[in-house]
Amino acid sequence: MIIATPLCAVGSVHNILDYGAVSDTTTLSTTAIQKAIDECSASGGGTVLVPAGAYKTGSIMLRSHVTLHLENGATIYGSTDIKDYTPVTTDYVSLRTHTPTIQLIYADKVENVAITGQGTIDGRGKAFPKLSWNDEGITRPHLLRLIQSSDITISGITLRNSGCWMQHYLACDRLKIDGITVINRNNYNNDALDLDGCHNVTVSNMIADSDDDAITLKSTSPRLCEDITISNCVVSSHCNAIKLGTETNGGFNNINIRGIVVKPSADQSSQYFGYPGGIGHSAISLEIVDGGSMRNVNISDITIRGTESPIFIRLADRARPYSPDVPVTNVGSISGVVLHDIIIDGAGPSGCSITGLEGHPVTDLLLHDITITHAGGQPVTAAPADEKRAEYPESTMWGILPAQGFWLNHTRDVTMRNINVKALSPDKRPVFVSTDSENLVIE
């Protein structure tokens with residue numbers, strides 16, 4: 001058999017059938033797949049080949065210098081029995097690592113690993129019901145989780161139906177994601193992609209359809225997300241299509257997101273979050289609420305259809321610590337953000353918002369060449385009186401905003417140029433409303 005050798009595969013090919021894997025979803029192949037991975041790594045690295053067929057497995061641990069390659073027609077199915085998943089812990093301290101977690105595919109402190117091919121990994125996550133408000137990770141498995149790892153490639157594959165988050169990369173360096181398809185709308189907390197405190201990341205050519213957030217950057221530890229480029233993706237989400245937040249302890253720096261299409265999902269058969277009709281909360285949400293800073297963020301060439309409150313920028317003071325013994329003592333900051341060349345069609349009536357706190361303004365923002373078409377039909381509306389200083393940040397937290405375009409509150413040095421807003425029904429609200437906004441320039 002001749003296969004194309006993936007980027008990080010330099011050694012021999014280990015076919016999982018040779019280790020006892022069975023193409024039969026009634027038979028558990030965990031032991032066989034894990035043995036192939038372990039022996040491949042021990043021999044100096046290479047490719048673990050998953051040939052065409054359907055294989056059931058519980059938790060799999062990736063090892064250094066191993067490429068897991070799924071042939072066209074190969075599908076790995078996650079077991080629907082929680083007993084087949086191995087609880088693991090890590091020494092990396094973050095918001096979600098204080099207790100054991102379970103995953104279908106897991107790695108900690110590995111290097112030079114890849115998951116490639118034209119096959120599918122299906123977590124069958126609907127089998128794991130949500131038991132409590134914050135139960136993800138131990139009663140509902142992640143599909144893919146890598147921690148403290150480097151030189152990672154994820155390409156070509158299709159990822160489906162996780163128990164909660166689909167793919168979580170925590171404190172990883174030099175990560176490349178290219179040409180993957182993500183379908184994740186079968187349970188609560190069904191994010192498509194979570195980059196958490198990662199450095200030097202490229203994401204390109206991804207098609208993602210998620211019930212919860214789609215492209216998500218987080219910082220659940222002091223390690224910020226830094227030097228990240230995301231481009232040429234098509235995403236659907238019932239929540240936030242592009243989101244920096246909610247967890248922001250370390251913050252975000254040097255983030256470039258461009259060439260993204262945001263649209264409603266074609267499959268509205270199940271909906272755990274979002275608005276009736278399947279539209280999302282927001283297309284772009286930029287949030288600092290747990291300390292940390294956001295700076296040097298450029299988001300451009302975004303085409304959006306069907307979100308309630310398309311652009312949401314929020315500086316607040318929820319102050320949730322990543323560890324109980326490290327309290328959050330600062331409000332954080334947002335500065336140096338540029339949003340441009342954005343087309344928004346089919347927005348709800350809520351409007352967009354840029355809000356800080358008294359004494360803690362959002363600063364140094366440039367928004368230009370943005371077109372918004374929205375439902376309209378709203379009367380004159382008062383600005384919200386409650387700052388909601390510590391509330392969970394969500395674009396719809398204010399209800400219907402006083403502006404049909406942008407409401408700005410507690411901002412400084414914001415420039416808005418060539419912003420075009422059109423209401424499909426007569427709307428009595430002004431296009432812009434600003435309160436406590438110093439040096440606001442509208443051209």
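Everything numeric here is computed off the predicted structure, so don't read it as measured data.
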Colleague: Please answer whether the main-chain N or O of Gly163 pairs with a side-chain N or O of Asn187 as donor and acceptor at a distance below 3.5 Å.
Modeller: yes
Colleague: Please give me the minimum heavy-atom distance between Ala208 and Ala192, naming the atom from each residue.
Modeller: CB-CB, 3.9 Å
Colleague: Name the one of Leu408, Ile334, Thr355 that satisfies side chain to side chain contact (heavy atoms under 4.5 Å, CB included) with Ile313?
Modeller: Ile334
Colleague: Please tell me whether Thr246 and Tyr392 have a donor and an acceptor in their side chains that are separated by less than 3.5 angstrom.
Modeller: yes
Colleague: Verify the distance criterion only: is there a donor paired with an acceptor across the side chains of Thr220 and Asp196 at less than 3.5 Å?
Modeller: yes
Colleague: Between Phe273 and Tyr188, how do the two ring planes meet: parallel, tilted or perpendicular, split at 30° and 60°?
Modeller: perpendicular
Colleague: Over 60° means perpendicular and under 30° means parallel, so tell me whether Trp398 and Trp407 are parallel, tilted or perpendicular.
Modeller: perpendicular
Colleague: Only one of Ile354, Leu339, Ile299, Ile302 forms a side chain to side chain contact (heavy atoms under 4.5 Å, CB included) with Ile311, so which one is it?
Modeller: Leu339
Colleague: Are the side chain of Asn184 and the backbone N or O of Ser162 linked by a donor-acceptor pair below 3.5 Å?
Modeller: yes
Colleague: Do you know which of Asp191, Asp213, Asp212, Asp194 makes side-chain hydrogen bond (donor to acceptor under 3.5 Å, both in side chains) with Lys243?
Modeller: Asp213
Colleague: Hey, does Asn249 have a side-chain heavy atom less than 4.5 Å from the side chain of Val326?
Modeller: no
Colleague: Distance alone, cut at 3.5 Å: any donor-acceptor contact between the side chains of Asn439 and Asp413?
Modeller: yes
Colleague: Could you tell me whether the side chain of Ile60 reaches within less than 4.5 Å of the side chain of Leu68, counting heavy atoms only?
Modeller: no
Colleague: With distance as the sole criterion, is a donor-acceptor pair present between the side chains of Gln378 and Asp427 under 3.5 Å?
Modeller: no
Colleague: Examine distances only and state if a side-chain atom of Thr248 and a backbone atom of Gly291 form a donor-acceptor pair shorter than 3.5 Å.
Modeller: yes
Colleague: I'd like to know if the side chain of Tyr272 reaches the main chain of Arg185, judged simply by a donor and an acceptor atom lying under 3.5 Å from each other, with no hydrogens or angles considered.
Modeller: no
Colleague: So, Ser41 versus His65: side-chain donor-acceptor pair below 3.5 Å or not?
Modeller: no
Colleague: What closest approach, in Å, do Leu244 and Phe252 show between heavy atoms, and which atom pair accounts for it?
Modeller: C-CZ, 3.9 Å
Colleague: Do Thr101 and Ile138 come close enough that some side-chain heavy atom pair is under 4.5 Å?
Modeller: no
Colleague: Looking at Arg429 and Gly351, would you say the former's side chain and the latter's main chain have a donor-acceptor pair under 3.5 Å?
Modeller: no
Colleague: Between Asp173 and Arg223, does any NZ, NE, NH1 or NH2 come within less than 4.0 Å of an OD or OE carboxylate oxygen?
Modeller: yes
Colleague: Which heavy-atom pair separates Leu104 from Thr57 by the least distance, and what is that distance?
Modeller: CD1-O, 3.7 Å
Colleague: Of all heavy-atom pairs between Thr307 and Ser282, which one has the smallest distance, and what is that distance?
Modeller: CG2-C, 3.9 Å
Colleague: Please determine whether a side-chain nitrogen of the Lys or Arg among Lys109 and Asp91 lies less than 4.0 Å from a carboxylate oxygen of the Asp or Glu.
Modeller: yes
Colleague: Quick one: does any side-chain atom of Lys388 pair with a main-chain N or O of Ala390 as donor and acceptor, under 3.5 Å?
Modeller: no
Colleague: Strictly below 4.0 Å, N to O, side chains only: are Asp317 and Arg389 in salt-bridge contact?
Modeller: yes
Colleague: Go through the side-chain N and O atoms of Thr47 and Thr67 and say whether any donor and acceptor fall under 3.5 Å apart.
Modeller: no
Colleague: Would you sort out whether Arg305 and Asp345 count as a salt bridge (Lys or Arg N to Asp or Glu O under 4.0 Å), showing the intermediate values?
Modeller: CA-CA 5 Å; Arg305 175 167 56 89; Asp345 188 28; over 6 Å; no
Colleague: Between Asp178 and Ser204, is there a side-chain donor-acceptor contact under 3.5 Å, judged purely by atom types and distance?
Modeller: yes
Colleague: Please name the pair of heavy atoms, one in Arg320 and one in Glu247, separated by the smallest distance, quoted to 0.1 Å.
Modeller: NH2-OE2, 2.8 Å
Colleague: Looking only at side-chain N and O atoms, does Gln103 offer a donor or acceptor that is under 3.5 Å from a partner on His168?
Modeller: no
Colleague: Determine the minimum heavy-atom distance between Gln167 and Ile177, stating which atoms define it.
Modeller: OE1-CD1, 4.3 Å
